[in-house]
Protein chains: 2
Amino acid sequence: MKRKPSTEATSAWIRLMRVQSRVLDCVEQDLKKAGFPPLAWYDALLELSRAPSGELRPVELERQMLIPQYSTSRLIDRLVDEGLACRRECKIDKRGQFVEITEAGRELQKRMWGAYSAAIEKYVGSKLSDADAVKLSGLLDRLGCSCGEMKLPPIVHANETTPSR
Amino acid sequence: MKRKPSTEATSAWIRLMRVQSRVLDCVEQDLKKAGFPPLAWYDALLELSRAPSGELRPVELERQMLIPQYSTSRLIDRLVDEGLACRRECKIDKRGQFVEITEAGRELQKRMWGAYSAAIEKYVGSKLSDADAVKLSGLLDRLGCSCGEMKLPPIVHANETTPSR
DNA sequence: GCAAGATTGATGCAGATGCATCGAATGGGG
DNA sequence: CCCCATTCGATGCATCTGCATCAATCTTGC
């Protein structure tokens with residue numbers, strides 16, 4: 001039952017780790033150079049903007065983003081500090097609250113998407129044919145599911161192309 | 001010249017990010033539960049153990065591991081504190097030094113490989129056929145090269161199978 | 001209706017990271 | 001030979017993360 005990892009699996013693992021950290025670095029760097037906040041902010045803003053009335057419970061945001069609870073809590077603090085979101089009381093559960101994206105938040109999200117999508121194109125799109133991108137997605141999906149209980153949110157993560165304006 | 005990213009590229013990007021962070025989390029968690037230090041320590045110990053006489057210049061370690069200089073510096077501090085490595089003077093360049101792995105370091109590296117390889121098998125090997133692992137590696141490689149100047153070190157990163165003992 | 005347990009979100013603290021900068025040493029012109 | 005640009009490695013500081021824990025509230029079982 002206890003197999004040793006194939007060299008192929010090990011090599012795939014190593015590449016997965018190295019390539020994503022490298023590519024992520026490049027993308028974050030581009031965004032930062034363009035004067036934008038970290039990608040996590042974008043992710044949060046996007047989730048909020050896609051929510052029914054632009055608001056989510058922190059606990060939902062947390063589950064969407066797959067980050068720890070305290071991390072969500074502090075991310076929200078920062079968004080609120082910057083006026084990108086605001087806290088709203090939650091009448092049906094007084095432990096909780098809602099976080100609502102502001103107009104400034106929506107705007108920033110859209111502006112970031114411009115730089116973000118350009119970076120994705122630069123570091124991913126231009127290196128892979130559509131067909132290969134699909135293959136890659138498929139292979140990755142198989143890894144993703146069920147490390148414990150994985151919940152890949154619906155799929156779309158980015159706006160449709162060119163959302164600003 | 002300025003294309004918008006294909007949905008395929010975007011979707012591949014999202015999966016790459018989410019899957020690796022998820023899988024990495026799982027692996028790190030397993031290691032931590034087994035009482036081992038973070039993976040970065042393993043990487044450093046492995047690089048050192050594979051070096052000619054078990055020693056490297058910090059700057060080489062830094063380039064192998066693709067982490068920032070100050071990060072290397074502090075990682076070495078911790079390894080030295082734990083007796084896993086020691087600093088040696090560098091006679092040919094007095095700015096620098098050598099870092100040499102100790103016997104304890106080599107041992108830890110081998111013990112970690114046991115847990116590490118098991119985790120890789122659990123989270124990667126068991127989900128992917130060898131053939132698919134090869135395909136995945138190939139696709140990832142295409143992404144890796146030349147975000148700036150990528151240097152994927154030679155390939156092997158892990159010991160040959162079952163190195164401990 | 002109530003006590004026990006679970007869930008939500010915040011926070012104090014220790015340790016880690018990013019950034020800028022520093023001092024020391026090297027190496028290359030002129 | 002000397003100066004200057006560059007490389008090597010360390011570190012002060014602000015920020016960020018992980019962990020444990022807290023108080024408040026909700027839910028469940030009785």
Side-chain angles (χ1 to χ4, degrees), chain A residues 21-22 24-33 35-44 47-48 51 55-82 85-100 149, chain B residues 21-22 24-33 35-44 47-48 55-82 84-100 149:
Chain A
S21 79
R22 194 73 165 102
L24 177 58
D25 245 47
C26 292
V27 171
E28 288 252 34
Q29 217 52 37
D30 278 16
L31 282 245
K32 178 176 297 189
K33 267 185 273 181
F36 289 116
L39 260 185
W41 292 33
Y42 175 82
D43 286 342
E47 292 301 337
L48 289 174
E55 56 185 19
L56 283 175
R57 298 285 299 267
V59 68
E60 305 187 78
L61 193 54
E62 169 194 338
R63 285 197 267 259
Q64 285 295 315
M65 297 184 61
L66 304 172
I67 57 178
Q69 179 270 320
Y70 54 80
S71 189
T72 314
S73 179
R74 284 167 178 149
L75 176 54
I76 293 170
D77 283 350
R78 285 167 220 144
L79 295 180
V80 171
D81 283 352
E82 298 295 326
C86 56
R87 296 179 201 271
R88 298 221 163 289
E89 106 181 278
C90 174
K91 306 196 194 251
I92 58 177
D93 182 345
K94 286 197 189 142
R95 288 168 306 182
Q97 62 191 257
F98 280 102
V99 178
E100 186 184 2
E149 15 48 46
Chain B
S21 79
R22 193 74 164 99
L24 177 57
D25 245 47
C26 292
V27 171
E28 288 252 34
Q29 218 52 35
D30 278 16
L31 281 245
K32 179 178 294 191
K33 268 185 273 183
F36 288 116
L39 260 186
W41 291 34
Y42 175 82
D43 287 342
E47 292 302 337
L48 289 175
E55 57 184 18
L56 283 176
R57 299 285 299 267
V59 69
E60 305 187 80
L61 194 54
E62 168 195 338
R63 286 198 267 258
Q64 285 295 316
M65 297 183 61
L66 303 172
I67 57 178
Q69 179 271 319
Y70 54 80
S71 190
T72 314
S73 180
R74 283 166 178 150
L75 176 54
I76 293 170
D77 283 350
R78 284 168 221 143
L79 296 181
V80 171
D81 283 352
E82 299 295 327
L84 301 169
C86 56
R87 297 180 200 271
R88 299 220 161 289
E89 108 181 276
C90 174
K91 307 193 193 253
I92 58 177
D93 183 345
K94 284 195 189 142
R95 287 168 306 182
Q97 62 190 257
F98 279 102
V99 179
E100 186 184 2
E149 16 48 45

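Just so we're on the same page: letters track the sequence lines, and every chain starts at 1. Here the structure is a predicted model, which means the values were calculated and not measured.
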Any [X] side-chain nitrogen or oxygen under 4.0 Å from OP1 or OP2 of [N]:
X	N	result
Q97(A)	dA10(C)	yes
R87(A)	dA10(C)	yes
R63(B)	dT7(D)	no

Measure the distance from [atom1] on [X] to [atom2] on [N] and round it to the nearest whole Å.
X	N	atom1	atom2	result
I67(B)	dC19(C)	CD1	C1'	16 Å
R78(A)	dT11(C)	CZ	C1'	13 Å
I76(B)	dA16(C)	CD1	P	15 Å
I92(A)	dT7(C)	CD1	P	17 Å
E62(A)	dG18(D)	CD	P	13 Å
L79(B)	dA16(C)	CG	P	12 Å
L75(A)	dA10(C)	CG	P	12 Å
E82(B)	dG15(C)	CD	P	12 Å

Original post:
Sub-3.5 Å donor-acceptor pair from the side chain of R88(B) to the main-chain atoms of Q97(B), do we have one?
Top reply: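 Flag not set: sc R88(B) to bb Q97(B) has no pair under 3.5 Å.
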
Return the nearest nucleotide to the side chain of [X]; candidates are [options].
X	options	value
S73(A)	dG18(C), dG9(D), dG9(C)	dG9(C)
K94(B)	dT26(C), dT11(C), dA10(D)	dT26(C)
V59(A)	dT8(C), dC19(D), dC8(D)	dT8(C)
R95(B)	dA24(C), dC16(D), dT11(D)	dA24(C)
R74(B)	dA16(C), dG12(D), dT25(D)	dG12(D)

Original post:
What's the spacing between L31(A) CG and K33(A) NZ if we round to 0.5 Å?
Top reply: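 Reported to 0.5 Å precision, the distance equals 11.0 Å.
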
So do [Y] and [X] actually touch side chain to side chain, heavy atoms under 4.5 Å?
X	Y	value
R87(A)	V80(A)	yes
L39(A)	V27(A)	yes
V59(B)	E62(B)	yes

**OP:** Nearest-nucleotide wise, let me know which of K32(A) and D93(A) is further upstream toward the 5' end of DNA chain C.
**Re:**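 Whichever sits nearer the 5' end wins; that is D93(A).
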
Original post:
So which one's nearest nucleotide on DNA chain C is more toward 5', Y70(B) or R57(A)?
Top reply: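 Final value for this comparison: R57(A).
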
Original post:
Between Q69(A) and F98(B), which has a closest nucleotide on DNA chain D that is more 5'?
Top reply: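 Checking each residue's closest nucleotide, the 5'-ward one belongs to F98(B).
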
